[in-house]
Protein chains: 2
Amino acid sequence: MKSIAVLPTICCSPQTEPLTVPERDELAARFKALADPTRVAIINSLSAADEVCVCNLTETFELSQPTISHHLKVLREAGLVESSRRGTWAYYRLVPDAIAALRGALGP
Amino acid sequence: MKSIAVLPTICCSPQTEPLTVPERDELAARFKALADPTRVAIINSLSAADEVCVCNLTETFELSQPTISHHLKVLREAGLVESSRRGTWAYYRLVPDAIAALRGALGP
DNA sequence: ATTATATATTGACGGTTGTCGATGAAGTCA
DNA sequence: TGACTTCATCGACAACCGTCAATATATAAT
């Protein structure tokens, strides 16, 4: 997931260059992770603390626990968040570099 | 479409605050417009010039003309691009503020 | 061991999306 | 007018997505 640091720029930069097919696929996949209101809200929640317990998220959102788990998996596989288990609980946190890279894709 | 200028920040900023439901819906809808490889590539293409004729896009991508037209509509309704007709041709261009606003949602 | 709790996975269902061919709308040029 | 070009819209279809209930996995506590 290190490759997130070198995401190309889509636009709006002097050095914007044509994307290769793998590059545009990769970028679209990462944007797709943010293309759902619940996942946007989860990112927003994680941003408010170093890490957040899944149990807090299932309380916050009026969605079933499997649905929250599903959205966390999508964000995890996109490299935007990471998790660690401590005891029975799972804690999620942002991967700031990944989000900064995605941000960088939208301009300088 | 002016409201794009005041998109809230998702994360990674000191002043990141909880999103309202309309805000997260709005943000997700805009990210969804970028959640497709072809649309990412279109944005990338538009970034290389002041405006681009649809006829150039249908040549560039190996997709049917209706499919390109569909993607342009999605981007237009998301406020990321705008178009004008001159004669038989339609020219599309980026809405830089909209993309900058989306970029701003990912951090300061 | 058993029981309880937290999270992940599976399977299924309805709604959405990307794609195309066919058609329509609007302009251009003989 | 009529033939031609460019782009948008419509209708259809397969694939994908968000959601839930049920189940599985793993840890903790008694």
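In what follows, chains are A, B, ... by sequence order, proteins preceding strands, each numbered from 1. When reading the values below, keep in mind they use all heavy atoms of this one structure, side chains included, and skip hydrogens, waters and symmetry mates.
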note: A:N56, atom CG; C:dT7, atom P; distance rounded to Å ~ 9 Å

Nucleotide nearest B:V54 (side chain, heavy atoms from C-beta), chosen from C:dT7, C:dG18, D:dC7: D:dC7

Round to the nearest Å and state the distance from A:K32 atom NZ to C:dT16 atom P. 17 Å

Kindly give the heavy-atom pair with the smallest separation between A:L46 and A:Y92, and that separation in Å. CD2-O, 3.6 Å

Looking only at heavy atoms, what is the nearest atom pair of B:T67 and B:L63, with distance? CG2-CD1, 4.1 Å

Select one nucleotide: of D:dT19, C:dA8, D:dC7, the one nearest the side-chain heavy atoms of A:L63. D:dT19

Looking only at D:dT19, C:dC20, C:dG18, the nucleotide nearest the B:T67 side chain is C:dC20

Please pick, from D:dC7, C:dT7, C:dG18, the nucleotide with the shortest atom-to-atom distance to any side-chain atom of B:D36. C:dG18

Could you check which of D:dA8, C:dT19, C:dA8 has an atom nearest any side-chain atom of B:Q65? D:dA8

Candidates C:dA8, C:dG18, C:dC20 - which lies nearest the side chain of A:R76: C:dA8

Please report the shortest heavy-atom distance between B:S83 and B:R76, naming the atom on each side. OG-CD, 3.9 Å

Hey, does A:H70 reach any base, or is it just sugar-phosphate, or nothing, if we go heavy atoms under 4.0 Å? base

A:I68, A:V74: one ILVMFWY side-chain cluster at the under-4.5 Å cut-off? no

Among the nucleotides D:dT9, D:dC20, C:dT19, which one has an atom lying closest to any side-chain atom of A:P66? D:dC20

What nucleic acid atoms does B:R86 come within less than 4.0 Å of, heavy atoms only: base, sugar-phosphate, or nothing? nothing

Without decimals, in angstroms, what is the distance between B:L72 CG and D:dT9 P? 11 Å

How does DNA chain C look in dot-bracket form if you count Watson-Crick and G-U pairs under 3.5 Å, write [ ] for pairs that cross, and put | where a base pairs with another strand? ||||||||||||||||||||||||||||||

Map A:K73 and A:T88 onto DNA chain C by nearest heavy atom, then report which one ends up closer to the 5' terminus. A:T88

For the NE2 atom of A:H71 and the CD1 atom of A:I43, what is their distance to the nearest 0.5 Å? 12.0 Å

Rounding to a whole Å, what distance do you find between A:D25:CG and D:dC16:C1'? 16 Å

Roughly, in whole Å, what's the span from CD in A:E59 to P in C:dA6? 9 Å

Between the side chains of A:R93 and A:S84, is a donor N or O closer than 3.5 angstrom to an acceptor N or O? yes

For B:F31 and A:L34, the nearest pair of non-hydrogen atoms, with its separation, is CB-O, 3.5 Å

What contact category does A:F61 fall into here, base, sugar-phosphate, or nothing, at under 4.0 angstrom with non-hydrogen atoms? nothing

Does NZ or CZ of A:R86 fall inside the cone over A:Y91's six-membered ring, less than 6.0 Å from its centre and within 45° of the axis? yes

Please classify the nucleic acid contact of A:I68 as base, sugar-phosphate, or nothing, using heavy-atom distances under 4.0 Å. nothing

For a quick check of understanding: with a heavy-atom distance under 4.0 Å over all strands, which category does A:Y91 fall into, base, sugar-phosphate or nothing? nothing

Minimum-distance nucleotide to B:C55 side chain [options: C:dT10, D:dA8, D:dC7]: D:dC7

